[in-house]
There are 2 protein chains.
Amino acid sequence: MVKSKETESHIHDAARSVFLAKGYDGARMQEIADEAGINKALLHYYFRSKDKLFESIFQEAFSKIVPQLFTLLTGSFTLREKLGGFIENYIRVIAENPFVPGFILHEMNRNPDRIVSMLSASGIQPAMILGALSQELEKNNVYVPDPRHLIVNLLALCLFPFAGRPIIQGFLFGGDKEAYEVFLSERAEIIKEFVFKSLGI
Amino acid sequence: MVKSKETESHIHDAARSVFLAKGYDGARMQEIADEAGINKALLHYYFRSKDKLFESIFQEAFSKIVPQLFTLLTGSFTLREKLGGFIENYIRVIAENPFVPGFILHEMNRNPDRIVSMLSASGIQPAMILGALSQELEKNNVYVPDPRHLIVNLLALCLFPFAGRPIIQGFLFGGDKEAYEVFLSERAEIIKEFVFKSLGI
DNA sequence: AGTATCTTTGACCACTTGGTTAAACCAAAT
DNA sequence: ATTTGGTTTAACCAAGTGGTCAAAGATACT
């Protein structure tokens, strides 16, 4: 009883690390059990099936990364503050969960319907975010043909350095891990400057 | 003999479609055989193992997407032409192979060493590209603290809309496939404007 | 102590997986 | 017509897969 909660969280930790690293198809229940230091049967005692366990991990990952979109709306005064706050916040959250972007990017391809239903279940209203952003841009006399491109640009600039780490680190940094970490730590400032200049704000 | 080449390309086509859609771990040799309209044993007759077959597909995908980086160097006169040419060219190539970015992004995590060795085997010199880009920026009086950020920005802006299609299409376009295709067709122009403005050129 | 409930395990199962093999097939050369 | 070479197949195999089960350990309550 006391121990059960602990075991459950051990399992969850193990499952997270294995699923995030290898994806659903590449993950093995035995490996998760090993990493949790328990028997494979106990895995099924706590989470009835691989799907159930995966679903739990996926939801957790999803909830870490997607609701952050709301920070695009937080009540800052200037457009710069709003966008800058979003970028800083988003980069910080992802830096704490660096494997989540790649994980979700891959897994949503295996089941695109789920991501759609999770988005609607999360209560996020794209029209609302989009509307608020449009209004804010207008107020600041920033003309963009379609604010959706701006949102995609923001997401791309924030997420890609994490999702594509192996290539970038290998190609531009000769595999130097520390150098790439420095690079990542500079990203928020770089992106802010990049975006602000392109919007003329 | 005549037929063998044809069969081999059928297999290759089938393997490409299955591997790109499901990744190495999610792909099944039986499914590839089915899609190629042949027996599973014949698969092993042409490509000795799943690994061999996969390697062939991965190399093909890699060669489609990575060497395009060289277009950053092509002999255009202005910086705008160079960057604009790269963006247009890259978007066009990816649009023809829309599943390649997500595929590589995922598979390189399963085997980061391979991507490193493939990069060096491809003869691409990061220092050369980086140096040429730096020089060009300087010549145009564009100051950027680190040109690597610019390269990552370019790649992010071009690749992410394809790799992250399900989320974006689901979230910003209500799942409307046609609307998203229009959106994608606008990307090259949008990215060019976005980048040029941010660089002040 | 005894017992009822939850937790943990080793052994096991049905099924799928990548891969093999021996034989059949088939076109071209003799 | 027979041989020869590459091509194709059905049947098969060992290893691994997710999942189950009955029994053994704990734990708390009476």
Side-chain angles (χ1 to χ4, degrees), chain A residues 1-61 103 106-111 113-114, chain B residues 1-61 103 106-111 113-114:
Chain A
M1 267 184 180
V2 178
K3 214 171 179 185
S4 83
K5 270 268 178 266
E6 206 179 310
T7 308
E8 185 169 334
S9 89
H10 280 160
I11 293 177
H12 213 263
D13 290 347
R16 187 187 310 115
S17 107
V18 173
F19 275 132
L20 288 214
K22 312 206 167 179
Y24 179 87
D25 291 320
R28 296 286 164 255
M29 293 298 268
Q30 186 61 60
E31 190 181 349
I32 295 174
D34 290 347
E35 189 151 329
I38 57 157
N39 191 284
K40 191 174 55 136
L42 200 55
L43 223 55
H44 288 85
Y45 177 73
Y46 280 90
F47 300 84
R48 276 206 291 277
S49 67
K50 186 181 183 183
D51 283 271
K52 290 269 199 325
L53 181 53
F54 176 80
E55 207 61 32
S56 166
I57 300 299
F58 187 85
Q59 289 225 6
E60 184 194 59
F103 173 70
H106 174 67
E107 290 304 331
M108 80 193 172
N109 271 307
R110 216 173 44 85
N111 193 347
D113 293 338
R114 174 177 45 206
Chain B
M1 271 186 176
V2 180
K3 211 171 180 186
S4 81
K5 270 271 178 259
E6 206 179 310
T7 307
E8 186 170 333
S9 90
H10 280 161
I11 293 178
H12 213 265
D13 290 346
R16 187 187 310 116
S17 106
V18 172
F19 275 131
L20 287 214
K22 314 207 165 176
Y24 180 88
D25 291 321
R28 297 287 163 255
M29 292 298 267
Q30 186 60 59
E31 190 182 348
I32 295 174
D34 290 347
E35 189 150 330
I38 56 157
N39 191 284
K40 190 175 55 138
L42 200 56
L43 222 55
H44 289 84
Y45 177 73
Y46 280 91
F47 300 84
R48 277 206 290 275
S49 68
K50 187 183 183 181
D51 283 271
K52 288 270 197 327
L53 183 52
F54 176 80
E55 207 62 33
S56 167
I57 300 299
F58 187 85
Q59 290 226 6
E60 184 194 60
F103 172 72
H106 174 67
E107 291 303 331
M108 80 193 171
N109 271 307
R110 216 172 44 86
N111 193 348
D113 293 339
R114 173 177 45 206

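What you see is a predicted model; the values in this text were computed from it and never measured. So that the names make sense, note that chain A is the first sequence line, chain B the second, and so on, each numbered from 1.
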Open item on the list: With a 4.5 Å cut-off on side-chain heavy atoms, are B:V18 and B:E35 touching?
Closed with: yes
Open item on the list: Main chain of A:Y24, side chain of A:K50: is a donor-acceptor contact present, judged purely on distance under 3.5 Å?
Closed with: yes
TODO: Evaluate the side-chain proximity of B:N109 to A:K22: yes if any heavy-atom separation is below 4.5 Å, no if none is.
DONE: no
Open item on the list: Checking contacts here: which listed nucleotide (C:dT8, D:dG6, C:dT20) is nearest the side-chain heavy atoms of B:Y45?
Closed with: D:dG6
TODO: Flag this pair as yes if the NZ/CZ of B:R110 is under 6.0 angstrom from the six-membered ring centre of B:F58 and inside a 45 degree cone about the axis; otherwise no.
DONE: no
Task: Integer-rounded Å distance: C:dT20 C1' and B:L43 CG - done: 14 Å
Open item on the list: For D:dG18 and A:S49 - does any side-chain N or O of the residue sit under 4.0 Å from the phosphate oxygens OP1/OP2?
Closed with: no
Open item on the list: Measuring to OP1 and OP2 of C:dT7, would you say a side-chain N or O of A:T7 lies under 4.0 angstrom away?
Closed with: no
Task: Flag side-chain contact, heavy atom, 4.5 Å: A:Y46 against A:L42 - done: yes
TODO: Step through it carefully: locate the ring centre of B:F103, locate the ring centre of B:F19, and say whether they are under 6.0 Å apart.
DONE: no
- [ ] Take the protein atom CZ of B:F54 and the nucleotide atom P of C:dG18, then report the distance between them rounded to whole Å.
- [x] 13 Å
Open item on the list: Without decimals, in angstroms, what is the distance between A:R48 CZ and D:dG19 C1'?
Closed with: 13 Å
- [ ] Measure the distance from NZ on A:K50 to P on C:dC15 and round it to the nearest whole Å.
- [x] 19 Å
- [ ] With a 4.0 Å heavy-atom cut-off, tell me which residues in residues 17-42 of chain A come close to DNA chain D, sorted by residue number.
- [x] A:A27, A:R28, A:M29, A:K40, A:A41
Task: d(CD, A:E55; P, D:dG18) in whole Å - done: 17 Å
Open item on the list: Rounding to an integer number of Å, can you tell me how far B:I11 CD1 sits from C:dG18 C1'?
Closed with: 15 Å
TODO: Give the nucleotide from the list C:dT7, D:dG18, C:dG18 with an atom nearest to the side chain of B:H44.
DONE: C:dG18
